[in-house]
2 protein chains.
Amino acid sequence: MNRLLPQMVVTDDRIMCMLEAMDEVHLTKGELVLKQGRVSNYYLLLDGYMRGYTHDENGAEVTTNFFAGPRAVLDATSFFGRQPSRENIVTLTDCRGYLLTLDVLNKLFHEMPEFREFGRAILVRELVIAQEQKLAHINLSAEDRYRQLVERDAGLMQHAQLRHIASFMGVTDTSLSRIRRELANKK
Amino acid sequence: MNRLLPQMVVTDDRIMCMLEAMDEVHLTKGELVLKQGRVSNYYLLLDGYMRGYTHDENGAEVTTNFFAGPRAVLDATSFFGRQPSRENIVTLTDCRGYLLTLDVLNKLFHEMPEFREFGRAILVRELVIAQEQKLAHINLSAEDRYRQLVERDAGLMQHAQLRHIASFMGVTDTSLSRIRRELANKK
DNA sequence: GTGGGTTCTTGTCATTTGGCAAGTGTCGCG
DNA sequence: CGCGACACTTGCCAAATGACAAGAACCCAC
């Protein structure tokens, strides 16, 4: 379990066994994991990169998330609320992970008390990620946000397009281009 | 329960009874609910307003959250991870709610299966709030963020200071002042 | 009242960012 | 090879925001 989800609180052999007994789901680069209008699944991503995006009121695409395994990939509102999602999620690389439905998840919660804490820890981690990213927008400049992004996940830079990174950062691709030039000059 | 937490998924008489059997905790304006360095509690806020804040690397205060009842008030990392919090939370008005410890919460989870879904729904709601606020920073101008803030909770404006709202929005108080002037002129 | 502290606004100027258009580079396809 | 599509960069100017300092408004204790 530590190997799979290093930052998780729970390390339990039974959970590890249970997961490893499940069938791994493999996805190839470019696959649409979640389509706008459908109800989200719960994908326990082990390896690979994904990108989540929506559209703003002008119809322009907005990247809302990057996912790097190991991490839970889902639209929480859609998955738990059984509502159509407003997000799209697409793979940036080949991916490997486990696919969970709400039924399976609830069954696991019911049959395996230790799994409940595991599920809660995952939700808490998603919450922490969202809050950290929100904070980055509040008190970091675009340049600092970019630096932080690169430093925390250099691998992402190899798989995501700059315009998507720019849109995720909340700046135009023009601005990001300038920021990258400044950074290159400084070194 | 609908009365208490209108946006919650779960509406269950047993939970309602259980909550109403608990002692209400009353706080007065200006009280520090969570102090940096301590482990967070879980405050189920029914009525009132609160503000969460930290400090950036320069020591400047940054407002990270506004809470309007009914809502769960906690630092999730600190509460579930039993770690010292980096946040401070202070009441902006007199407040009314229930105070839960992790022990009590876990006991409720164990004894009352329907409470588990209730707890999960609260976590999901916090996640949705954080993601929405992050999205607002990505694709809304400062002026639009301010408009949205006013429209979604006019009451907040009566209790929070403008400089705190500015810091929450990620702009200087100078900028917010100008934005408010523009908006006033437009009408 | 008066004084002092705090909050908010305003002015001036520098910096950052956006919008737009043009230019460069890369890639795949016929 | 040449073409077009796409991603990225760059230049130019306008708009938004920040930094700093001064002033106005408000509150509150004495």
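Here is the naming used below: chain letters follow the sequence lines, and residue numbers restart at 1 for every chain.
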Rounded to the Å, how far apart are [X] [atom1] and [N] [atom2]?
X: A:His159; N: D:dA7; atom1: NE2; atom2: P; value: 18 Å
X: B:Ile179; N: C:dT9; atom1: CD1; atom2: P; value: 11 Å
X: A:His164; N: D:dC6; atom1: NE2; atom2: P; value: 12 Å
X: B:Leu176; N: C:dT10; atom1: CG; atom2: C1'; value: 14 Å
X: B:Gln158; N: C:dT7; atom1: CD; atom2: P; value: 19 Å
X: A:Asn139; N: D:dT17; atom1: CG; atom2: P; value: 17 Å
X: A:Asp173; N: C:dT17; atom1: CG; atom2: C1'; value: 12 Å
X: A:Ile138; N: D:dT17; atom1: CD1; atom2: P; value: 15 Å

Would you kindly compare A:Arg178 and B:Ala160 by the position of their nearest DNA chain C nucleotide and give the one closer to the 5′ end? B:Ala160

Need one value for [X]: base, sugar-phosphate or nothing, where a base atom within 4.0 Å counts as base even if backbone is also close, heavy atoms only.
X: B:Thr172; answer: sugar-phosphate
X: B:Thr174; answer: base
X: A:Arg180; answer: sugar-phosphate

Charged N to carboxylate O under 4.0 angstrom, [X] versus [Y]?
X: B:Glu61; Y: B:Arg51; result: yes
X: A:Arg180; Y: A:Glu143; result: no
X: B:Asp47; Y: B:Arg96; result: yes

Side chain of [X]: nearest nucleotide among [options]?
X: A:Arg163; options: D:dC8, D:dG18, C:dG18; answer: D:dC8
X: B:Ala142; options: D:dT17, C:dT9, C:dG18; answer: D:dT17
X: B:Gln161; options: D:dT17, C:dC8, D:dT9; answer: C:dC8

Has A:Ser177 got a side-chain N or O lying under 4.0 Å from the OP1 or OP2 atom of D:dT9? yes

Using only side-chain N and O atoms of B:Arg181, determine if any of them is under 4.0 Å from OP1 or OP2 of C:dT10. yes

Are B:Arg82 and B:Phe79 in a cation-pi setup, meaning NZ or CZ lies under 6.0 angstrom from the ring centre and within 45 degrees of the ring axis? yes

Within the supplied structure, the quantity of interest is the number of heavy atoms (other residues, nucleotides, ligands) at a distance under 6.0 Å from B:His55 NE2; does it exceed 12? yes

